[in-house]
**Student:** 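A single structure is presented below for examination.
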Amino acid sequence: MRTLYLRNVPEDVVDRLKLLAAKEGLSVSSMAVRELAASTRRVLNPVLLGDLPDLGIEADEVLAALDEGRRDR
């Protein structure tokens with residue numbers, strides 16, 4: 001496993017990491033690694049989306065169906 005040193009981390013970011021870490025019962029370092037891992041996985045989203053089959057459904061249709069479903073509640 002590699003070691004990563006971060007410089008110039010804004011105080012407010014450190015404070016929020018501390019809050020999240022305490023809430024989850026983790027160290028700040030573990031919390032930072034978890035958050036970095038989650039954010040770097042997003043780089044794969046275009047690849048994942050590109051691998052999905054084209055169902056021929058437009059985004060407008062999906063949004064309209066969602067709106068209709070919400071009105072029916």
Side-chain angles (χ1 to χ4, degrees):
M1 211 155 294
R2 305 269 316 256
T3 299
L4 176 68
Y5 297 99
L6 298 174
R7 291 186 177 99
N8 303 318
V9 179
E11 285 296 321
D12 60 321
V13 172
V14 174
D15 292 342
R16 288 192 303 267
L17 271 174
K18 285 179 181 179
L19 285 172
L20 286 170
K23 186 176 178 182
E24 299 285 328
L26 299 171
S27 68
V28 173
S29 180
S30 294
M31 190 71 200
V33 169
R34 188 175 91 178
E35 293 302 305
L36 282 170
S39 68
T40 57
R41 278 192 292 274
R42 288 193 294 261
V43 76
L44 301 176
N45 286 352
V47 173
L48 295 173
L49 292 174
D51 288 344
L52 293 175
D54 183 0
L55 301 176
I57 301 171
E58 296 296 322
D60 306 6
E61 296 175 57
V62 174
L63 294 173
L66 284 170
D67 288 340
E68 184 177 325
R70 290 176 179 146
R71 280 193 297 271
D72 292 343
R73 287 186 182 188

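These numbers come from the heavy atoms of this one structure, side chains and all, not from hydrogens, waters or symmetry mates.
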**Student:** Please name all residues satisfying side chain to side chain contact (heavy atoms under 4.5 Å, CB included) with Ser29, sequence neighbours left out, ordered by chain then number.
**Tutor:** Ser27
**Student:** Quick check: is Val14 connected to Leu6 through a chain of hydrophobic side chains (ILVMFWY, heavy atoms under 4.5 Å apart)?
**Tutor:** yes
**Student:** Go through the structure and list residues passing side chain to side chain contact (heavy atoms under 4.5 Å, CB included) with Val28, not counting sequence neighbours.
**Tutor:** Leu17, Lys18, Ala21
**Student:** When rounded to the nearest 0.5 angstrom, what is the spacing between CE in Met31 and CG in Leu20?
**Tutor:** 4.0 Å
**Student:** Please list all pairs meeting salt bridge (Lys or Arg N to Asp or Glu O under 4.0 Å) that have one or both residues in residues 24-33, counting only residues at least two apart or in different chains.
**Tutor:** Glu24-Arg34
**Student:** Just wondering, are more than 12 heavy atoms of other shown residues or ligands nearer than 6.0 Å to CD in Glu58?
**Tutor:** no
**Student:** Got a sec, which pairs hit salt bridge (Lys or Arg N to Asp or Glu O under 4.0 Å) with one end in residues 45-54, sequence neighbours left out?
**Tutor:** none
**Student:** Under the side chain to side chain contact (heavy atoms under 4.5 Å, CB included) test, which residues partner Asp67, sequence neighbours left out?
**Tutor:** Arg70, Arg71
**Student:** When clusters are formed from ILVMFWY side-chain contacts under 4.5 Å, directly or step by step, what else is grouped with Leu52?
**Tutor:** Leu49
**Student:** Please name all residues satisfying salt bridge (charged side-chain N to carboxylate O under 4.0 Å, His left out) with Asp12, sequence neighbours left out, ordered by chain then number.
**Tutor:** Arg16
**Student:** Got a list of side-chain donor-acceptor pairs under 3.5 Å for residues 37-47, not counting sequence neighbours?
**Tutor:**
| residue | atom | partner | partner atom | Å |
| --- | --- | --- | --- | --- |
| Ser39 | OG | Glu35 | O | 3.3 |
| Ser39 | OG | Leu36 | O | 3.1 |
| Thr40 | OG1 | Leu36 | O | 3.0 |
| Thr40 | OG1 | Ala37 | O | 3.0 |

**Student:** Under the side chain to side chain contact (heavy atoms under 4.5 Å, CB included) test, which residues partner Leu19, sequence neighbours left out?
**Tutor:** none
